[in-house]
Amino acid sequence: MPFAVGHLDADCFYVNAERVRYRDLDGKPVAVLGNQGACVIAKSYEMKRLGVKTGEPIWDARKKCPDGVYVKRDFRWYEVLSRGMLDVLTAFSPRVEYYSIDEFFFAVPAGDFRTTAEAIRDRVWETCRLPVTVGVGRTRTLAKLFAEAAKPFGALAVTHPDEEAAMLARLPVTEVSGIAGRRAARLAPYGIRTCLDFRRASGRLVRQLLTKTGEDLWAELNGSPAQPIRADRVPHQTVSRGGSLGGATGDPAVLWAWCVRNLERLIEELEFHDVRAGRLTVWLSHKGGPTGVGDVSFDCPTDRFDTLLDGCRDALRQAWVPGAAATHMHLIASKLGRSRFAARSLFERADDRAHRADVLKRQVNRRVGRFAVRSGATLPLKAVYDDPSNGHDICDVRGKVCF
Ligand SMILES: [Mg+2]
């Protein structure tokens with residue numbers, strides 16, 4: 001077969017990401033705690049063995065594992081490593097889907113799939129010091145199942161139908177992501193308990209019991225891809241960033257600082273979705289008062305910091321209500337254009353120094369972490385940046401539920 005589907009999943013990602021920078025955590029029971037430091041959001045195998053579960057409050061976990069090391073999560077750092085994994089994958093594959101912060105699907109070019117899976121796993125280990133497991137199969141669902149079965153630090157490629165059947169016979173049907181409690185309970189009366197039972201069931205029965213969603217999973221288990229690798233993300237109508245100002249303020253310098261912070265976050269998002277803004281809106285809500293809205297349009301859609309910053313200044317001026325205290329601010333980019341189709345040189349200002357500084361800022365932040373380099377206009381928000389829990393707003397973490 002010319003192509004197979006690969007699935008890469010980091011093993012105990014948050015824990016091992018901490019071990020990359022704190023080597024003395026190796027071999028110790030480690031838990032990573034959520035936003036408020038109260039719940040376990042990830043745990044090492046050592047801690048799992050002592051019965052600690054994801055979602056458990058720290059006070060219960062400490063009873064089971066008093067000698068454990070409990071670390072607060074740092075998504076800024078995890079995203080740096082996530083990009084490292086993505087870089088390795090793009091060297092091996094022409095099509096990579098960023099499924100979540102620690103999971104990727106990708107096309108595996110023709111060749112010895114097992115060797116490729118091992119090479120990817122080893123390269124991620126060499127370059128990022130992260131243990132990952134790679135599964136290769138004829139479809140996404142099969143690849144994910146095989147990766148799950150090969151954890152930790154595994155590399156498994158199964159593409160022959162007989163070998164697949166032997167693997168699937170050993171896995172309960174609930175291992176298929178998308179088939180949990182209720183769906184599994186509907187299958188049980190028909191004797192469908194393993195993944196192989198599910199694969200051998202009739203498509204019509206599966207559709208009756210689990211609708212089209214279930215039928216797609218059934219097709220995938222039978223080796224017919226029903227879910228493509230989405231290397232191109234769905235184009236968005238708008239992209240926005242913003243939120244609470246952490247208290248009411250009417251101070252123009254503080255409002256400007258928030259505006260610039262939100263712009264830097266917005267640009268990350270534009271870059272991630274590979275789009276540019278044709279229009280920028282600043283939206284301000286005031287305590288017990290009016291909502292201020294301002295917007296600017298660009299002749300040519302842009303993701304440049306200097307151009308958007310000028311736009312922000314105009315839009316914020318329009319949105320600002322003198323004498324009123326603002327509580328929330330949102331920046332909304334609309335009339336989006338795909339980056340690759342935009343002609344950069346025609347309408348945009350030829351201020352190359354500003355553009356070069358912007359590119360450098362993005363490169364440094366990509367390597368070191370978010371906001372490592374940021375605009376001086378954000379100085380009034382020093383306290384916001386100093387608090388590591390603001391390093392990653394929950395809405396900025398893509399594709400993972402966190403608490
Ligand atoms: Mg994982």
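Because the structure is predicted, anything quoted here is derived from the model rather than measured. In each ligand, atom 1 is the first atom listed, and ligand 1 is the first ligand listed.
Metal site remark for the Mg ion (ligand 1): A10 contributes an N, O or S atom at a distance under 2.8 Å. Taking backbone and side-chain atoms together, E103 has no N/O/S atom less than 2.8 Å away from the Mg ion (ligand 1).
Considering just the N/O/S atoms of D102, the one nearest the Mg ion (ligand 1) carries the name OD2. Atom OD1 is the N/O/S atom of D9 found closest to the Mg ion (ligand 1).
Relative to the ring axis of W125, R129 places its NZ or CZ within 45° and under 6.0 Å from the centre. Remark: R374 is positioned above the aromatic ring of Y385, its terminal NZ or CZ atom under 6.0 angstrom from the ring centre and at most 45 degrees off the axis. Under the 6.0 Å distance and 45° angle rule, R121 counts as a cation-pi partner of F153.
Relative orientation of the Y14 and Y78 rings is parallel, given thresholds of 30° and 60° on the angle between their planes.
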